[in-house]
Amino acid sequence: MSSKKVLIISDWIYPFTGHSQIADATRNHILCMQEAGLEIRSFMPKWGPINERRNQLHEVIRLSGMNLIIDDTDNPLIIKVASLPGGRQQVYFIDNDDFFQNRQYVADADGNEYPDNDERTIFFARGVLETVKKLRWNPDIIHCHGWMTSLIPLYIKTLYKDEPTFRDAKIISSIYDTDFKQELNPKIKEKILVKDISSDMVGDFQIPVTYNSIIRKSIDFSDGVIFSQENARQELIDYCTVQNRKFVNQGVNQLSSEDILKFYDSI
């Protein structure tokens with residue numbers, strides 16, 4: 001397994017964001033996989049509160065400049081990078097002036113969730129995959145942490161299904177209980193569709209588009225699932241069983257690097 005290439009994508013990574021279960025788990029995952037000898041690339045959103053000077057972020061000009069069209073609107077893609085303290089790993093940040101700059105995380109300072117969180121999620125997913133293509137780096141495993149990554153398995157199995165960069169990769173989704181409290185725009189499916197993705201390929205979303213709804217869509221297109229919270233939602237565990245997805249329910253226990261590698265090998 002030491003020769004494997006692993007793409008790690010997460011909503012949050014400590015210390016660029018504050019401590020949380022997902023931020024700490026992703027950081028540990030990156031460092032453990034590095035120590036195990038795997039080749040790693042890591043991505044996260046460039047959330048507005050991230051201090052670029054303190055964390056020494058800088059733009060990668062050769063990777064920036066693409067426009068991603070979402071709902072007939074051009075959205076410029078900006079790629080930044082910084083080194084993860086305590087390791088030799090770089091983390092790439094997906095940025096855009098409208099979606100991430102001068103904003104909080106999922107909700108504003110008053111706790112109101114952003115009405116375009118659906119488009120932010122679409123932009124993040126496509127931004128990661130387009131950037132990995134530009135890197136000319138073909139991952140063997142794509143490991144997604146958190147709900148902002150939930151459309152990545154869908155895109156890999158539809159829009160990018162014939163793309164050599166991702167064609168042979170296995171997709172793992174780690175699910176955390178860091179849900180948004182409201183609902184995503186019910187037109188999210190229409191916004192996902194582009195000329196190379198048909199409605200039948202995507203399937204239906206549960207309406208209203210809640211946390212469980214979008215995580216179910218992630219499960220639909222993943223090869224394996226890790227439940228990474230203390231009390232995993234039984235509805236989602238049952239859905240994995242119905243969909244015949246291999247999964248691990250880790251509960252309060254953090255998976256060791258050996259456990260993760262064994263799960264990779266089992267997929």
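Just so we're clear, the structure is a prediction, and the values are computed from it rather than from any experiment. Quick note: residue numbers are just sequence positions, from 1.
- Across all non-hydrogen atoms, the minimal contact from Leu57 to Ala82 is CD1-CB, 3.7 Å.
- Contact annotation: the side chain of Leu77 approaches that of Phe123 to within less than 4.5 Å [non-hydrogen atoms, C-beta and beyond].
- By the 4.5 Å heavy-atom criterion applied to side chains, Val91 and Gln89 are not counted as neighbours.
- Remark: the backbone N or O of Thr73 is paired with a side-chain donor or acceptor of Asn75 at under 3.5 angstrom.
- Proximity of Val81 to His58: side-chain heavy atoms (C-beta onward) are separated by under 4.5 Å at one or more points.
- Between Arg136 and Thr165, every side-chain heavy-atom pair lies at or beyond the 4.5 Å cut-off.
- With Lys191 as the fixed residue, the side chain to side chain donor-acceptor pair (under 3.5 Å) test singles out one of Asp118, Asp72, Thr121: Asp118.
- Two residues are said to be in side-chain contact when any heavy atoms from C-beta on lie closer than 4.5 Å; Thr158 and Phe221 meet this criterion.
- Using cut-offs of 30° and 60° on the angle between ring planes, the pair Phe166 and Tyr160 is perpendicular.
- When each of Phe263, Tyr264, Phe43 is tested with His143 by the rule ring-ring contact (aromatic ring centres under 6.0 Å, His included), just one qualifies, namely Tyr264.
- Comment: Asp24 does not engage Arg27 in a salt bridge, judged by the lack of any side-chain N to carboxylate O separation of less than 4.0 angstrom.
- Under a hydrophobic-cluster definition in which Ile, Leu, Val, Met, Phe, Trp and Tyr are linked whenever side-chain heavy atoms come within less than 4.5 Å, directly or via other members, Ile70 and Tyr114 are assigned to different clusters.
- Between Leu38 and Leu261 the shortest side-chain heavy-atom distance falls below 4.5 Å.
- Note that the NE2 atom of His145 and the OG atom of Ser42 stand 9.0 Å from one another [nearest 0.5 Å].
- Put simply, Leu135 and Phe124 are part of the same group of oily side chains (I, L, V, M, F, W, Y) that touch within less than 4.5 Å, one to the next.
- Each of Lys246, Arg245, Lys157 was evaluated against Asp223; a single residue qualifies, Lys157, per the salt bridge (charged side-chain N to carboxylate O under 4.0 Å, His left out) test.
- One N or O on the side chain of Thr241 and one on the backbone of Ile237 form a donor-acceptor pair closer than 3.5 Å.
- More than 12 heavy-atom neighbours from other residues, nucleotides or ligands sit within 6.0 angstrom of NZ on Lys134.
- Interatomic distance, CD1 of Ile226 versus SG of Cys144, reported as 11.0 Å (0.5 Å rounding).
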Under the ring-ring contact (aromatic ring centres under 6.0 Å, His included) rule, what do Phe93 and Phe100 come out as? Steps first, then yes or no, please.
CA-CA 11 Å; Phe93 295 80; Phe100 297 110; over 10 Å; no
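- Enclosure of atom CD in Gln101 by more than 12 non-hydrogen atoms of other residues, nucleotides or ligands within 6.0 angstrom is indicated.
- To the nearest 0.5 angstrom, Lys187 atom NZ is 13.5 Å from Leu193 atom CG.
- With a 4.5 Å cut-off on side-chain heavy atoms, Val194 and Arg126 count as touching.
- Here the options are Asp95, Asp108, Asp116, the test is salt bridge (charged side-chain N to carboxylate O under 4.0 Å, His left out), and the partner is Arg103; only Asp116 passes.
- Remark: Ile94 CD1 to Lys46 NZ distance equals 12.5 Å, nearest 0.5 Å.
- Distance check: Leu184 CG to Glu113 CD gives 8.0 Å after rounding to the nearest 0.5 Å.
- For Glu35, the CD atom is loosely surrounded, since the number of other residues' heavy atoms within 6.0 Å does not exceed 12.
- For the atom pair Lys189 NZ and Asp204 CG, the distance stands at 4.0 Å (nearest 0.5 Å).
- The shortest distance between side-chain heavy atoms of Asp220 and Leu154 does not fall below 4.5 Å.
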